[in-house]
Number of protein chains: 4
Amino acid sequence: MRNREKATYHARREVVLAVARDLFAERGYRATTVRDIADASGVLSGSLYHYFDSKETLIDEILSSYLDELILVYRGVVAEGGDAQSTLARLVAGAFGALDRHRAAGLVLHSERHHLDRLPRFAHLVEREAEIEHIWSAVIERGKTSGELRPDIDGRLTYRFVRDGVCAAARWSCPATELAGQFLALLLDGLRG
Amino acid sequence: MRNREKATYHARREVVLAVARDLFAERGYRATTVRDIADASGVLSGSLYHYFDSKETLIDEILSSYLDELILVYRGVVAEGGDAQSTLARLVAGAFGALDRHRAAGLVLHSERHHLDRLPRFAHLVEREAEIEHIWSAVIERGKTSGELRPDIDGRLTYRFVRDGVCAAARWSCPATELAGQFLALLLDGLRG
Amino acid sequence: MRNREKATYHARREVVLAVARDLFAERGYRATTVRDIADASGVLSGSLYHYFDSKETLIDEILSSYLDELILVYRGVVAEGGDAQSTLARLVAGAFGALDRHRAAGLVLHSERHHLDRLPRFAHLVEREAEIEHIWSAVIERGKTSGELRPDIDGRLTYRFVRDGVCAAARWSCPATELAGQFLALLLDGLRG
Amino acid sequence: MRNREKATYHARREVVLAVARDLFAERGYRATTVRDIADASGVLSGSLYHYFDSKETLIDEILSSYLDELILVYRGVVAEGGDAQSTLARLVAGAFGALDRHRAAGLVLHSERHHLDRLPRFAHLVEREAEIEHIWSAVIERGKTSGELRPDIDGRLTYRFVRDGVCAAARWSCPATELAGQFLALLLDGLRG
DNA sequence: GATGAATGAGGATTCATTCAT
DNA sequence: TATGAATGAATCCTCATTCAT
């Protein structure tokens, strides 16, 4: 039956994707071979190409779905309104929440962003990250203008610290909410409190 | 003359090392081939092996000299004494100072630490990083005990944020001292100031 | 069909193995390149790695199957019982029989045993050869005790002469049974008869 | 002074030759690199080429001096006359005596004869070995004709067993005279005595 | 003579991808 | 749709030999 076939196809595609996610997270994108993924998925390497055009398509889907969610969440946070501080709080919470659901993507992005960014294939990653950076920077700059946040700290720089700190956190085994809490505390009030 | 030859050898070795540093920084360790380095150094690939046993030796030397300096600097900072806040200030300054002189090492460590850590060849990196982590954690914990620093933030987690933030900063084109200043301000007092 | 595919795979694997056997026999193990084997097998060099993990695996399989058969044959001979002389006769016959079916293995072992024995990968060869040496020595020593064989000749030394003589014989174009006959006559009664 | 220089040159040449002998014996010809020899000789690799045209020249000299001596000894033995048995006894003694002074040559010849024989460069080895084989065969055939030796054993085959047995013996740590004695006893009267 | 850096062809191995079945 | 053998370019590394100094 047509539907059953479609469902099967989709189910297997998801299995492969999930396996790839795990392996990329564990070993890194480049260190994981297509055959590794096929073996761990219970299919043969040739069959992978029924589901995905290439290894790049695979990681692209993993990364894109992370960035898509991230952008969606961030846009939602900003749309909700509120002062800069509470917005930042919700951005941080959103960041760790998304990371929790896309650990592999966070890890790969953290480890291999530089490498991937050089490939034309992944130009759209750069664009998406630029939008994210813009959202954060805008919030911070608004806080500086309103006097909520100190004026002597660069928004873009701060975002970068945040971005890398969040991704790095994917490597640590610690509940997302706890990480988010500590991170926010540090970000807003610093070690001196 | 003997001395001249030695000097030439050393000079060319340094050229190769510098070229490797640049390429590793730009493209990443794995994405840079031995031939890339040879080409850019103006020698044939086989000639590289006069200077370095292997590609791993090359990156090892780059990373080790960074971590060696880092440990030296950090030990000096701690030995100088002072309260936790001033110690942290000097640790941050030291971190950015060392990074400035070892940009490639910082970048590689940031991007490929996960991959390198899995190779037995680089077990010593893990050890060295553990010592560094210990130094930082101890300072933070001391500050918490003395009341200088807030007690609700985990020292090890904080160090990890710092470590990744600093390494990530190697990718940004911004003077080290400015980065250090912003970073320290953020670390101690947070965005709210 | 599944079976057909398996059969094809196996058949081609055997082709590669046979080609490797011939080339190793003709040129020696080290002097034969993986590409030589691939070319002579009608595949590309990369394809060899579907069938064999490495060049070492290839020679290992060739040598192991020889030694396995040799040990099986020798154990059978000893289990059959009989006096020392008749046992020796059957050992010699068995040696030349196995050599006839594993000429390449005999040649490689003869020419490159010293080299291979130094590689950890081939430690098991040493063990297997030790067992073979033990079987032969035991038979000779038993003959000396029973008075069938002269007491002034060292069993281990004799076995070594036999081993190298047999392997060397693989290089000569002469029917195995004739070789075995001449060899046994020489071994038991010497040139003087 | 001219003589002094010549003497020095000759002395160093001998050192290199001796070192090469030892390394070839220990590791085999192909497994020993020119640099290994240079290092162990206390010269630099480039300097080796003042003394020897090539690695092949080096092994050639080692092998040739062995075969030269062997031929000289064998010719002397035959020229001395005597019956076939005593001639054989002196041939065996001569073989082990020469082997004792040229262990490396014996080992290399044993392990890599097949490989070297394929190179045009070493065609003369084949010729020299043919002469040696001729000498031995002639003695054995003479013994068969005179009735001293049994007529059913092929002379050439016997010589081959001897040749390989002797070379193989170079690998065993056992005094040459003892080896010669055991070998001769086995050769003439066999295990049955 | 002596040096030792430089050469460059050639070695084994890997792996994303293709395609006939 | 699924298979899995085949591809072939690319990778790191080796080493006998040369040659400017």
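Nothing here was measured: the structure is a model prediction, and the numbers come from that model. Note on naming: letters A, B, ... go to the chains in the order of the sequence lines (proteins, then strands), and numbering restarts at 1 for each one.
- Scored by the salt bridge (Lys or Arg N to Asp or Glu O under 4.0 Å) test, D:Arg103 finds no partners at all (sequence neighbours excluded).
- Residues satisfying the side chain to side chain donor-acceptor pair (under 3.5 Å) criterion with B:Glu14, sequence neighbours excluded, are absent altogether.
- Between the CG atom of C:Leu48 and the P atom of F:dA6 there is a distance of 10 Å, given to the nearest Å.
- Heavy-atom minimum distance, C:Phe122 versus C:Leu116: CB-O, 3.6 Å.
- Distance CZ (D:Phe52) to C1' (F:dA16): 16 Å, rounded to an integer number of Å.
- Listed here is the closest heavy atom pair of C:Arg113 and C:Cys167: NH2-SG, 4.5 Å.
- Near DNA chain F, defined here as any heavy-atom distance below 4.0 Å, the residues from residues 11-25 of chain A are A:Arg12, listed numerically.
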Reading nucleotides 11-18 of chain E from the 5' end, what letters show protein touch, with B for base, S for backbone sugar-phosphate only, - for no heavy atom under 4.0 Å? SSBBBSBB
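- Classification of the A:His102-A:Tyr66 ring pair by plane angle, with boundaries at 30° and 60°, yields tilted.
- Between the OH atom of C:Tyr9 and the P atom of F:dT3 there is a distance of 17 Å, given to the nearest Å.
- Both the sub-6.0 Å distance and the 45° axial angle are not jointly satisfied by D:Lys55 relative to the ring of D:Tyr49.
- Backbone-only contact: A:Tyr51 has heavy atoms under 4.0 Å from sugar-phosphate atoms and none from a base.
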In dot-bracket, 5' to 3', how would DNA chain F read with Watson-Crick or G-U wobble pairs under 3.5 Å, [ ] for crossing ones and | for pairs to another strand? .||||||||||||||||||||
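- Distance C:Arg27 CZ to E:dG10 C1': 15 Å, rounded to the nearest Å.
- Only at 4.0 angstrom or more do the heavy atoms of residues 114-125 of chain A sit from any atom of DNA chain F, so none qualifies.
- For C:Arg171, the salt bridge (Lys or Arg N to Asp or Glu O under 4.0 Å) criterion is met by no residue, not counting sequence neighbours.
- Rounded to a whole Å, the CG atom of B:Asp60 is 17 Å from the P atom of F:dC12.
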Going through the checks in order, is the side chain to side chain donor-acceptor pair (under 3.5 Å) test met by B:His110 and A:His110? CA-CA 8 Å; B:His110 186 236; A:His110 185 236; 3.0 Å; yes
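- Distance, B:Tyr29 OH to F:dT11 C1': 12 Å, rounded to whole Å.
- With sequence neighbours excluded, the residues forming a side chain to side chain donor-acceptor pair (under 3.5 Å) with A:Thr57 are A:Ser54, A:Arg121, listed by chain and number.
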Under 3.5 Å, which donor-acceptor pairs do the side chains of residues 15-28 of chain D form with other protein atoms, sequence neighbours left out?
from    : atom 1 : to      : atom 2 : distance (Å)
D:Arg27 : NH1    : D:Asp36 : OD2    : 3.0

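- With sequence neighbours excluded, the residues forming a side chain to side chain donor-acceptor pair (under 3.5 Å) with C:Glu61 are C:Arg13, listed by chain and number.
- Applying the salt bridge (Lys or Arg N to Asp or Glu O under 4.0 Å) rule to B:Arg35 yields no partners; only residues at least two apart in sequence or on another chain are considered.
- Between the C1' atom of F:dA6 and the CG atom of C:Leu44 lies a distance of 7 Å, rounded to the nearest Å.
- Remark: C:Arg128 engages C:Asp68, C:His124 in a side chain to side chain donor-acceptor pair (under 3.5 Å) (not counting sequence neighbours).
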